Amino acid sequence: DAFISHSWRDEPEAKWQALQAWRAGFKARFHREPIVWLDKACIEQDDIDANLMCLPVFLAGCNTLLVLFSHSYLRRLWCVVELFVFLQMGGTAD
């Protein structure tokens, strides 16, 4: 359902609250738990370069790019690459 894009350098509690708010809206709309793609759980942390090549595949498997925006988000290259790839694949900012 959603590819979660976030910076690991920011406050986890704020991101958790934002994720839970999105989850509640999703559950109210679709009457089920969302399926999410979370980098720490879904990619091999020891081979980031190989996973970067697969980013379009990971994003294509999701309907939504959920950005948990924070003060360091746009300063993190990986986050900017996720946004770029999503938009290049035809994603929208809505």
Side-chain angles (χ1 to χ4, degrees):
D1 295 309
F3 181 105
I4 300 173
S5 181
H6 67 103
S7 170
W8 282 102
R9 297 203 175 189
D10 291 313
E11 173 60 38
E13 184 61 30
K15 291 188 294 184
W16 178 252
Q17 293 301 323
L19 180 59
Q20 290 306 309
W22 175 82
R23 175 183 167 255
F26 184 96
K27 284 180 64 174
R29 184 172 178 198
F30 296 105
H31 307 290
R32 65 175 177 84
E33 292 288 345
I35 298 170
V36 298
W37 188 97
L38 181 63
D39 54 358
K40 195 72 159 180
C42 297
I43 65 171
E44 178 59 47
Q45 297 297 304
D46 296 331
D47 195 2
I48 300 296
D49 291 341
N51 286 281
L52 181 58
M53 292 185 299
C54 296
L55 187 57
V57 175
F58 300 147
L59 282 164
C62 300
N63 298 322
T64 301
L65 175 66
L66 176 61
V67 175
L68 302 179
F69 194 80
S70 58
H71 73 278
S72 74
Y73 186 84
L74 292 176
R75 292 188 295 237
R76 306 291 302 153
L77 179 59
W78 186 262
C79 296
V80 173
V81 168
E82 289 172 349
L83 285 174
F84 175 78
V85 171
F86 177 75
L87 293 172
Q88 285 298 305
M89 292 176 57
T92 61
D94 57 339

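Remember, predicted model here, so these are calculated numbers, not experimental data. The analysis underlying the following values was restricted to heavy atoms, covering all of them including side chains, and did not include hydrogens, waters or symmetry mates.
- Residues that satisfy the ring pair (Phe, Tyr, Trp, His ring centres under 6.0 Å) test with Trp37, not counting sequence neighbours, are Phe3, Phe58.
- If you take CG on Leu55 and CE on Met53, they are separated by 11.5 Å, rounding to the nearest 0.5 Å.
- Remark: Trp16 CH2 is loosely packed, at most 12 non-hydrogen atoms of other residues, nucleotides or ligands lying under 6.0 Å away.
- The salt bridge (charged side-chain N to carboxylate O under 4.0 Å, His left out) pairs that include a residue from residues 70-91 number zero, where partners must be two or more places apart or lie in different chains.
- Residues Ile35 and Leu38 fall into different hydrophobic clusters, defined by Ile, Leu, Val, Met, Phe, Trp and Tyr side chains chained together at heavy-atom separations under 4.5 Å.
- In terms of the ring pair (Phe, Tyr, Trp, His ring centres under 6.0 Å) criterion, Trp78 has no residue partners (sequence neighbours excluded).
- No continuous path of ILVMFWY side-chain contacts below 4.5 Å connects Trp8 to Leu74, so the two sit in separate hydrophobic clusters.
- Using cut-offs of 30° and 60° on the angle between ring planes, the pair Phe26 and Trp22 is tilted.
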Could you go through residues 66-73 and list every donor-acceptor pair under 3.5 Å that involves a side-chain atom there, pairing it with any protein atom two or more places apart or in another chain?
unit_1 : atom_1 : unit_2 : atom_2 : d
Ser70  : OG     : Asp10  : OD2    : 2.0
His71  : ND1    : Asp10  : OD1    : 3.0
His71  : NE2    : Asp10  : OD1    : 3.4
Ser72  : OG     : Ser7   : OG     : 2.8
Ser72  : OG     : Asp10  : OD1    : 3.1
Ser72  : OG     : Asp10  : OD2    : 2.6
Tyr73  : OH     : Ser5   : OG     : 2.4

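- Both Leu77 and Phe86 belong to a single network of hydrophobic side chains, linked directly or stepwise wherever heavy atoms of I, L, V, M, F, W or Y lie under 4.5 Å apart.
- Cluster annotation: Ile4 is not connected to Leu65 through the hydrophobic network of ILVMFWY side chains, with a link wherever side-chain heavy atoms come within less than 4.5 Å.
- Listed by first and then second residue, the salt bridge (charged side-chain N to carboxylate O under 4.0 Å, His left out) pairs involving residues 11-32 are Asp1-Arg32, Arg23-Glu33, Lys27-Glu33 (not counting sequence neighbours).
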